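What follows is a single structure, written as structure tokens, with notes after it.
Predicted, not measured: the structure shown is a model, and the values here were computed from it.
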Amino acid sequence: MMNTKEKILVAALRLFAVNGYEAVSVSQIAGELGITKGALYRHYKNKRDIFNCIFEYVCQLDVERSQKSGVPEKDYSEMPEAFSNVSTESLGNYMKAQFYYWSEDEIACNFRKMLTLEQYKSPEMSALYQKVLVSGPLEYIENLFREISRKQKKELPSPHALAVEFYAPFYFLLSMSDGADCKEKKEEIAHSYVHYIDDFFQKYFL
């Protein structure tokens with residue numbers, strides 16, 4: 001059962017995902033929940049405070065998935081030693097968990113949709129979109145493949161080429177999942193991503 005503070009986050013993000021962050025007012029968020037602006041301000045200072053809390057929540061869950069899967073929870077520049085101890089199995093499990101999270105969790109789905117809308121309206125949101133969904137994950141995966149490749153005896157494509165091939169279907173299939181008209185279709189798309197990950201590692205690392 002969600003408390004009022006959590007309900008505000010969920011309701012705000014639903015509106016952000018449909019209309020964009022800039023277009024939604026605090027009054028609209030309060031109205032969505034049937035509360036006054038004053039009641040909302042007891043929990044959050046302003047709309048930006050709501051956004052920051054949403055982002056902190058998304059980041060915290062990402063850290064938890066990273067730790068559970070056995071991959072670094074921070075970038076290479078912050079903990080390079082951790083990247084040298086990651087197995088292909090850990091990376092595969094993490095990416096599978098990421099796909100299910102970004103395609104099924106309501107907050108994650110709406111946060112992703114909001115960033116997709118806002119990236120064209122604000123340099124800040126464009127940079128965040130890249131960091132969270134595009135260049136950030138790609139660089140992270142490239143650094144992992146650089147370390148994993150050092151332990152391989154056979155010749156492999158460059159870490160960057162591996163990362164692009166590995167990550168490219170992730171967002172494409174997320175987009176397909178967004179357009180799926182039933183739960184069964186979403187599950188089929190998720191399963192196809194899982195098989196893709198398994199086939200990728202079979203191709204290059206077995």
So [X] and [Y], would you call those rings parallel, tilted or perpendicular, with 30° and 60° as cut-offs?
X	Y	answer
F51	F111	tilted
F145	F205	parallel
F166	F201	tilted

Any donor-acceptor pair under 3.5 Å from [X] side chain to [Y] backbone:
X	Y	value
S192	I189	yes
S122	E124	yes
Y76	E139	no
K185	G179	no
E32	A11	no
Q119	T116	yes
K47	Y21	yes
S84	P80	no

Close side-chain approach of [X] and [Y], heavy atoms under 4.5 Å:
X	Y	value
I107	L9	no
V58	V132	no
L174	Y193	no
M95	I141	yes
I197	F99	no
F16	L117	no
N46	V26	no
D178	R112	yes

hydrophobic_cluster_shared for [Y] and [X], side chain cutoff 4.5 Å:
X	Y	result
V63	F83	no
L133	Y120	no
V194	Y204	no
L156	F200	yes

**Study point:** side chain to side chain contact (heavy atoms under 4.5 Å, CB included) against N3, all qualifying residues, sequence neighbours excluded
**Key:** K5, E6

Kindly check if the number of other-residue, nucleotide or ligand heavy atoms within 6.0 Å of [atom1] ([X]) is above 12?
X	atom1	answer
K151	NZ	yes
E89	CD	no
Y41	OH	yes
K154	NZ	yes
K131	NZ	no

Check your understanding: Under the criterion side-chain contact (heavy atoms from CB on, under 4.5 Å), which of V86, N85, N143 is the partner of P72?
Key -> V86

To the nearest 0.5 Å, what is the distance between [atom1] on [X] and [atom2] on [Y]?
X	Y	atom1	atom2	result
I50	I29	CD1	CD1	4.0 Å
M114	Y129	CE	OH	12.0 Å
H191	L173	NE2	CG	13.0 Å
E56	N52	CD	CG	6.5 Å
N19	E118	CG	CD	10.0 Å
I54	L13	CD1	CG	4.5 Å

Practice item. Mind running side-chain contact (heavy atoms from CB on, under 4.5 Å) on V18 and R14 for me, showing each step along the way? Key: CA-CA 7 Å; V18 174; R14 283 176 185 157; over 6 Å; no

Review point. Which heavy-atom pair separates K186 from S177 by the least distance, and what is that distance?
Key: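 Heavy-atom minimum between the residues: NZ-O, 2.6 Å.
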
Check your understanding: How close do L162 and P157 get, heavy atom to heavy atom, and via which atoms?
Key ->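 Answer, listing the atom of L162 first, then P157: CD1-O, 3.7 Å.
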
Review point. Can you list every pair that meets side chain to side chain donor-acceptor pair (under 3.5 Å) and has a residue in residues 94-104, with sequence neighbours left out?
Key: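 The answer is D62-Y94, D62-Q98, R65-Q98, Y94-Q98, K96-D198.
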
Point to revise | Verdict with reasoning, R146 to E142, per salt bridge (charged side-chain N to carboxylate O under 4.0 Å, His left out) | key: CA-CA 6 Å; R146 181 175 293 107; E142 181 177 345; 3.2 Å; yes

